[in-house]
Amino acid sequence: MSALDRVMLAFFALLAAVLAGLFLAVIAGWTVPLDLFEFSLLNNEYRLLGGVIALVFLLLALRFLLGSLRLAPAGEKQAVIKAADLGLVSISMPALENLVVRAARQVKGVREIRPRLDYGPDGLAIRLNLTVNPDRNLPEMAAELQQRVQEYIASTAGLDVPEVQVRIKGIFQEGQHRVE
(Lines give C-alpha, C1' and ligand atoms only; values in the text may rest on other atoms or scores of the structure.)
Protein backbone atom coordinates (compact mmCIF):
# COMPACT_ATOMS: atom_id res chain seq x y z
CA MET A 1 0.00 0.00 0.00
CA SER A 2 1.50 3.33 -1.04
CA ALA A 3 1.84 6.36 1.22
CA LEU A 4 -0.94 8.15 -0.67
CA ASP A 5 -3.27 5.19 -0.16
CA ARG A 6 -2.48 5.21 3.57
CA VAL A 7 -3.27 8.92 3.82
CA MET A 8 -6.53 8.47 1.89
CA LEU A 9 -7.48 5.50 4.06
CA ALA A 10 -6.76 7.48 7.24
CA PHE A 11 -8.87 10.39 5.94
CA PHE A 12 -11.67 7.99 4.99
CA ALA A 13 -11.58 6.32 8.42
CA LEU A 14 -11.60 9.71 10.19
CA LEU A 15 -14.55 10.90 8.11
CA ALA A 16 -16.44 7.64 8.77
CA ALA A 17 -15.74 7.95 12.51
CA VAL A 18 -17.03 11.53 12.61
CA LEU A 19 -20.20 10.59 10.72
CA ALA A 20 -20.76 7.57 13.00
CA GLY A 21 -20.29 9.77 16.07
CA LEU A 22 -22.80 12.32 14.77
CA PHE A 23 -25.27 9.55 13.99
CA LEU A 24 -24.94 8.16 17.52
CA ALA A 25 -25.38 11.66 18.96
CA VAL A 26 -28.60 12.13 16.98
CA ILE A 27 -29.87 8.76 18.17
CA ALA A 28 -29.12 9.83 21.76
CA GLY A 29 -31.31 12.88 21.29
CA TRP A 30 -28.95 15.67 20.24
CA THR A 31 -30.84 17.57 17.52
CA VAL A 32 -28.23 20.16 16.52
CA PRO A 33 -26.74 17.97 13.72
CA LEU A 34 -30.23 17.47 12.28
CA ASP A 35 -30.89 21.22 12.37
CA LEU A 36 -27.56 21.91 10.62
CA PHE A 37 -28.31 19.24 8.01
CA GLU A 38 -31.74 20.72 7.31
CA PHE A 39 -30.25 24.23 7.08
CA SER A 40 -27.57 23.00 4.64
CA LEU A 41 -30.23 21.52 2.37
CA LEU A 42 -32.12 24.82 2.23
CA ASN A 43 -29.05 26.93 1.37
CA ASN A 44 -27.60 26.45 -2.15
CA GLU A 45 -23.95 27.13 -1.17
CA TYR A 46 -24.09 24.61 1.66
CA ARG A 47 -25.88 22.12 -0.57
CA LEU A 48 -23.00 22.36 -3.07
CA LEU A 49 -20.44 21.88 -0.25
CA GLY A 50 -22.38 18.87 1.08
CA GLY A 51 -22.49 17.40 -2.42
CA VAL A 52 -18.70 17.79 -2.82
CA ILE A 53 -18.10 16.12 0.56
CA ALA A 54 -20.48 13.28 -0.34
CA LEU A 55 -18.74 12.86 -3.71
CA VAL A 56 -15.30 12.67 -2.07
CA PHE A 57 -16.64 10.15 0.44
CA LEU A 58 -18.16 8.07 -2.38
CA LEU A 59 -14.95 8.14 -4.46
CA LEU A 60 -12.84 7.10 -1.48
CA ALA A 61 -15.25 4.27 -0.68
CA LEU A 62 -15.16 3.04 -4.29
CA ARG A 63 -11.35 3.33 -4.39
CA PHE A 64 -10.91 1.14 -1.32
CA LEU A 65 -13.63 -1.29 -2.38
CA LEU A 66 -12.01 -1.86 -5.78
CA GLY A 67 -8.55 -2.00 -4.19
CA SER A 68 -9.67 -4.72 -1.81
CA LEU A 69 -11.13 -6.78 -4.65
CA ARG A 70 -7.92 -6.64 -6.71
CA LEU A 71 -6.43 -10.09 -6.80
CA ALA A 72 -2.77 -10.81 -6.22
CA PRO A 73 -0.85 -11.95 -9.27
CA ALA A 74 -1.06 -15.70 -9.72
CA GLY A 75 1.94 -17.95 -9.49
CA GLU A 76 5.15 -17.78 -7.58
CA LYS A 77 8.17 -15.69 -8.43
CA GLN A 78 10.76 -17.47 -10.50
CA ALA A 79 14.30 -16.84 -11.65
CA VAL A 80 15.15 -17.33 -15.32
CA ILE A 81 18.12 -19.64 -15.69
CA LYS A 82 18.38 -19.71 -19.46
CA ALA A 83 16.55 -18.23 -22.41
CA ALA A 84 16.86 -20.72 -25.28
CA ASP A 85 15.34 -21.00 -28.74
CA LEU A 86 12.86 -23.56 -27.45
CA GLY A 87 11.75 -21.44 -24.51
CA LEU A 88 12.70 -20.22 -21.05
CA VAL A 89 14.24 -22.37 -18.37
CA SER A 90 13.34 -21.08 -14.91
CA ILE A 91 13.57 -22.19 -11.30
CA SER A 92 11.13 -21.38 -8.52
CA MET A 93 12.17 -19.46 -5.41
CA PRO A 94 11.39 -22.40 -3.08
CA ALA A 95 13.69 -24.61 -5.18
CA LEU A 96 16.43 -21.96 -4.96
CA GLU A 97 15.91 -21.74 -1.20
CA ASN A 98 16.44 -25.50 -0.98
CA LEU A 99 19.71 -25.17 -2.92
CA VAL A 100 20.85 -22.36 -0.61
CA VAL A 101 20.04 -24.41 2.50
CA ARG A 102 21.89 -27.40 1.04
CA ALA A 103 25.00 -25.32 0.40
CA ALA A 104 24.85 -23.66 3.82
CA ARG A 105 24.54 -26.99 5.63
CA GLN A 106 27.94 -27.98 4.20
CA VAL A 107 29.60 -25.33 6.38
CA LYS A 108 30.61 -26.64 9.79
CA GLY A 109 28.95 -24.83 12.69
CA VAL A 110 25.70 -23.83 10.97
CA ARG A 111 22.71 -25.15 12.95
CA GLU A 112 19.64 -23.47 11.44
CA ILE A 113 19.22 -21.53 8.18
CA ARG A 114 16.40 -19.26 7.07
CA PRO A 115 17.15 -17.87 3.59
CA ARG A 116 15.45 -14.89 1.96
CA LEU A 117 15.97 -14.49 -1.76
CA ASP A 118 15.43 -11.55 -4.05
CA TYR A 119 15.84 -12.02 -7.80
CA GLY A 120 16.48 -8.83 -9.72
CA PRO A 121 18.25 -7.59 -12.84
CA ASP A 122 21.68 -7.95 -11.20
CA GLY A 123 21.07 -11.57 -10.21
CA LEU A 124 20.07 -13.35 -7.04
CA ALA A 125 20.55 -11.50 -3.75
CA ILE A 126 20.62 -13.87 -0.78
CA ARG A 127 20.09 -13.04 2.90
CA LEU A 128 20.77 -15.78 5.42
CA ASN A 129 19.47 -15.70 8.99
CA LEU A 130 21.41 -18.25 10.99
CA THR A 131 21.69 -19.99 14.29
CA VAL A 132 25.25 -21.25 14.75
CA ASN A 133 27.34 -23.31 17.13
CA PRO A 134 29.50 -21.24 19.48
CA ASP A 135 32.73 -23.16 18.82
CA ARG A 136 33.65 -21.50 15.48
CA ASN A 137 35.22 -18.19 14.58
CA LEU A 138 32.13 -16.33 13.35
CA PRO A 139 33.76 -14.01 10.75
CA GLU A 140 35.63 -16.95 9.19
CA MET A 141 32.50 -19.09 9.16
CA ALA A 142 30.46 -16.27 7.59
CA ALA A 143 33.07 -15.74 4.86
CA GLU A 144 33.19 -19.48 4.12
CA LEU A 145 29.39 -19.59 4.04
CA GLN A 146 29.16 -16.65 1.64
CA GLN A 147 31.68 -18.19 -0.72
CA ARG A 148 30.18 -21.70 -0.57
CA VAL A 149 26.61 -20.48 -1.21
CA GLN A 150 27.66 -18.14 -4.02
CA GLU A 151 29.68 -20.85 -5.79
CA TYR A 152 27.02 -23.54 -5.31
CA ILE A 153 24.20 -21.41 -6.73
CA ALA A 154 26.39 -20.27 -9.64
CA SER A 155 27.43 -23.84 -10.47
CA THR A 156 24.05 -25.59 -10.01
CA ALA A 157 21.54 -22.96 -11.14
CA GLY A 158 23.79 -20.84 -13.33
CA LEU A 159 22.68 -17.61 -11.65
CA ASP A 160 24.80 -14.61 -10.76
CA VAL A 161 24.88 -14.02 -7.01
CA PRO A 162 26.11 -10.44 -6.43
CA GLU A 163 25.61 -10.59 -2.67
CA VAL A 164 25.19 -13.06 0.16
CA GLN A 165 24.37 -11.31 3.41
CA VAL A 166 24.82 -13.30 6.61
CA ARG A 167 23.01 -12.39 9.80
CA ILE A 168 23.67 -14.48 12.86
CA LYS A 169 20.43 -14.36 14.83
CA GLY A 170 21.36 -16.82 17.52
CA ILE A 171 24.03 -18.96 19.11
CA PHE A 172 22.98 -22.54 19.81
CA GLN A 173 23.15 -23.40 23.50
CA GLU A 174 23.36 -27.12 24.13
CA GLY A 175 21.55 -28.36 27.20
CA GLN A 176 22.23 -25.61 29.71
CA HIS A 177 20.98 -26.63 33.12
CA ARG A 178 20.43 -24.19 35.94
CA VAL A 179 21.79 -25.11 39.31
CA GLU A 180 19.63 -23.97 42.20
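These numbers come from a predicted model, not from an experiment.
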For residues 157-165, which side-chain N or O atoms pair as donor and acceptor with protein atoms under 3.5 Å away, sequence neighbours left out?
| from | atom 1 | to | atom 2 | distance (Å) |
| --- | --- | --- | --- | --- |
| E163 | OE1 | Q165 | NE2 | 2.8 |

Name each donor-acceptor pair under 3.5 Å that joins a side chain in residues 7-30 to protein atoms two or more places apart or in another chain, with its distance.
none

Listed pairs under 3.5 Å, donor-acceptor, residues 128-140 side chains, sequence neighbours left out:
| from | atom 1 | to | atom 2 | distance (Å) |
| --- | --- | --- | --- | --- |
| R136 | NH1 | K108 | O | 2.4 |
| R136 | NH2 | E144 | OE1 | 3.2 |
| N137 | OD1 | E140 | N | 3.2 |

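Annotation: side-chain contact (heavy atoms from CB on, under 4.5 Å) contacts of A104 (sequence neighbours excluded): I113, L145, V149. Residues that satisfy the side-chain hydrogen bond (donor to acceptor under 3.5 Å, both in side chains) test with E151, not counting sequence neighbours, are Q147. Under the rule for a salt bridge (charged side-chain N to carboxylate O under 4.0 Å, His left out), R127 has no partner lying at least two apart in sequence or in another chain.
Remark: L41 CG to L36 CG distance equals 11.0 Å, nearest 0.5 Å. The distance from the OG atom of S92 to the OH atom of Y119 is 13.5 Å, given to the nearest 0.5 Å.
Screening residues 26-53 for salt bridge (charged side-chain N to carboxylate O under 4.0 Å, His left out), with sequence neighbours left out, gives no hits. Applying the salt bridge (charged side-chain N to carboxylate O under 4.0 Å, His left out) rule to pairs touching residues 109-120 yields K77-D118, E112-R114, sequence neighbours excluded.
When side chains are defined from C-beta on, V101 counts as touching P115, because their heavy atoms get closer than 4.5 Å. For the pair L99 and L96, the minimum side-chain heavy-atom distance is below 4.5 Å. When side chains are defined from C-beta on, L117 counts as touching E97, because their heavy atoms get closer than 4.5 Å.
Connection of L49 to F37 is not established within any shared hydrophobic cluster, with ILVMFWY side chains joined at heavy-atom distances below 4.5 Å, either directly or through further cluster members. Residues V56 and F64 are members of one and the same hydrophobic cluster, defined by side-chain heavy-atom contacts under 4.5 angstrom among Ile, Leu, Val, Met, Phe, Trp and Tyr.
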Report the C-alpha separation of N44 and L48 in whole Å, then their side-chain angles, then the decisive distance to 0.1 Å, and conclude whether the side-chain contact (heavy atoms from CB on, under 4.5 Å) test is met.
CA-CA 6 Å; N44 283 338; L48 180 63; over 6 Å; no

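Members clustered with F39: Y46, by chain and number, using a 4.5 Å side-chain heavy-atom cutoff among hydrophobic residues.
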